[in-house]
2 protein chains.
Amino acid sequence: MARFTPRQDEQEGLVENQDIRKAGLKVTLPRVKILEILENSEARHVSAEDVYKQLLANDEEIGLATVYRVLTQFEGAGLVERHQFDGGHSVFELNRGTHHDHIVCIRCGKVEEFVDESIEKRQREIATEKGFEIADHSLVIYGECKKENCPNLKE
Amino acid sequence: MARFTPRQDEQEGLVENQDIRKAGLKVTLPRVKILEILENSEARHVSAEDVYKQLLANDEEIGLATVYRVLTQFEGAGLVERHQFDGGHSVFELNRGTHHDHIVCIRCGKVEEFVDESIEKRQREIATEKGFEIADHSLVIYGECKKENCPNLKE
DNA sequence: ATTACAAATGCACAAGCTTCTCATTTCCAC
DNA sequence: GTGGAAATGAGAAGCTTGTGCATTTGTAAT
Ligand SMILES: [Mn+2]
Ligand SMILES: [Mn+2]
Ligand SMILES: [Zn+2]
Ligand SMILES: [Zn+2]
């Protein structure tokens, strides 16, 4: 009966297992579960602690150290991106292949995304002017979202 | 002879003592020394640890906790600005009253500054589009500075 | 100059986030 | 199925930043 049992990744129709392999990493249960959480989580931008708490809620016995290790490896492999919004701790999001910047509500923490080609272009020009070979950039706008939408302002 | 002894701050021709007072803070030796370091330090952008090490080098007996406390108070008073470049720890710089953004060399850590009004304007427009009341923003370009200038690339 | 008291400091300690250590377990090529 | 390298879990440790408290310092009024 074992002969016709499909492998788990085929069974569940997941594409991410191949992504993990492509990154040169062994396909382990923690890595698969963490990737699932990144895919399915309500919030697109999550901290390591957020991922860990989700794992606990799903009764997965995965250590916090592993979460940090795996997220860092996924970052190195280009599977996820790490951001450092003000406040010190990192947040991660699945790399969907399209660059974007962020606007964050300083009251409720909501994160929205945007792309502006004219800003991108000016950044490239500035780097060139300064003699820098640009590798990356981080643009975060901080503000207060609309009062009627902001969960931290119901008075 | 004491009658005609000028106060120390007049004696040294420093303007910052008044700035500290204007912020509603007592003019204490640690605060004066820390402000001096921010004014005179070679690097415009320094970490709390950098400031602390400078103090030690100057034989000042000022605790690291005081450095953090004072820098945070100066930030609150608008005397200094705090930035969170990638890497986890904060860097501080004297507030010279003019907003600017930063471009950082990922090899040697060098920081240069720039202002681009078209980027500033687009940011304001994007915030408005998204229904955010803009409070602040952080734009950092990461790249590699010119090889002949980069101290971490002499081969 | 002395006094008087709130404010600030230094030290030790603690919090919060992240990384490391290492014994044990898991994946995977054979 | 087995072997062995790679990965994990649990906890300790590291790093930056903040706090509690006894002591010192700055300030303004004597
Ligand atoms: Mn995003
Ligand atoms: Mn600057
Ligand atoms: Zn909000
Ligand atoms: Zn450089």
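Not measured: the values here are computed from a predicted model. Chain letters run A, B, ... following the sequence lines, proteins first, then strands; residues in each count from 1.
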Is it the case that B/His102 and B/Glu93 place a side-chain donor and acceptor less than 3.5 Å from each other? yes
Under the side-chain hydrogen bond (donor to acceptor under 3.5 Å, both in side chains) rule, collect the residues that match up with [X], sequence neighbours excluded.
{"X": "A/Thr66", "result": "A/Arg69"}
{"X": "A/Glu75", "result": "A/Arg82"}
{"X": "A/Glu117", "result": "A/Arg124"}

Given A/Ile34, which of A/Val67, A/Ile20, A/Val80, A/Leu79 fulfils the side-chain contact (heavy atoms from CB on, under 4.5 Å) condition? A/Val67
Figure out the [atom1]/[atom2] separation between [X] and [N], and round it to whole Å.
{"X": "B/Arg31", "N": "C/dG10", "atom1": "CZ", "atom2": "P", "result": "11 Å"}
{"X": "A/Tyr68", "N": "D/dA12", "atom1": "OH", "atom2": "P", "result": "18 Å"}
{"X": "A/His89", "N": "D/dG18", "atom1": "NE2", "atom2": "P", "result": "15 Å"}
{"X": "A/Phe74", "N": "D/dA7", "atom1": "CZ", "atom2": "C1'", "result": "12 Å"}
{"X": "B/Phe92", "N": "D/dT17", "atom1": "CZ", "atom2": "P", "result": "6 Å"}

5'-most contact on DNA chain D: A/Gln73 or B/Leu64, nearest heavy atom basis? A/Gln73
Relative to the 5' end of DNA chain D, which residue comes earlier, B/Ser90 or A/Val70, by the nucleotide with the nearest heavy atom? A/Val70
Angle between terminal axes - the helix from C/dA1-D/dT30 to C/dC30-D/dG1, 5 pairs each end, rounded to 10°: 40°
Who pairs with B/Gln123 by side chain to side chain contact (heavy atoms under 4.5 Å, CB included), at least two apart in sequence or on another chain?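 If we apply the side chain to side chain contact (heavy atoms under 4.5 Å, CB included) test to B/Gln123, skipping adjacent residues, the hits are A/Ile119, A/Leu139, A/Ile141, B/Ile119, B/Glu120, B/His137.
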Determine which pairs satisfy side chain to side chain donor-acceptor pair (under 3.5 Å) with at least one residue from residues 105-116 of chain B, sequence neighbours left out, and list them in order.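 Found A/Arg122-B/Asp116, B/Arg44-B/Glu113, B/His45-B/Glu113, B/Arg96-B/Glu113, B/His100-B/Glu113, B/Arg107-B/Glu144, B/Asp116-B/Ser118.
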Contact pattern, 5' to 3', of nucleotides 19-30 of chain D - B, S or - by protein heavy atom under 4.0 Å: BB----BBS---
Among residues 40-61 of chain B, which contact DNA chain D at a heavy-atom distance under 4.0 Å? none
Hydrophobic side-chain clustering at under 4.5 Å (ILVMFWY, transitive links): who's grouped with B/Tyr142? Put none if nobody. B/Phe85, B/Val91, B/Val104, B/Ile106, B/Val111, B/Val140
Please tabulate, for the side chains in residues 23-31 of chain A, all donor-acceptor contacts under 3.5 angstrom to protein atoms that are two or more places apart in sequence or on a different chain.
from	atom 1	to	atom 2	distance (Å)
A/Arg31	NE	A/Lys26	O	3.0
A/Arg31	NH1	A/Gln73	OE1	2.9
A/Arg31	NH2	A/Lys26	O	3.2

Mind jotting down which residue pairs meet the ring-ring contact (aromatic ring centres under 6.0 Å, His included) criterion with at least one end in residues 104-131 of chain A? Sequence neighbours excluded, please.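 As it turns out, there is no ring-ring contact (aromatic ring centres under 6.0 Å, His included) pair with a partner in residues 104-131 of chain A once direct neighbours are skipped.
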Name each donor-acceptor pair under 3.5 Å that joins a side chain in residues 50-57 of chain A to protein atoms two or more places apart or in another chain, with its distance.
from	atom 1	to	atom 2	distance (Å)
A/Asp50	OD1	A/Ser47	OG	3.3
A/Asp50	OD2	A/Ser47	N	2.8
A/Asp50	OD2	A/Ser47	OG	3.1

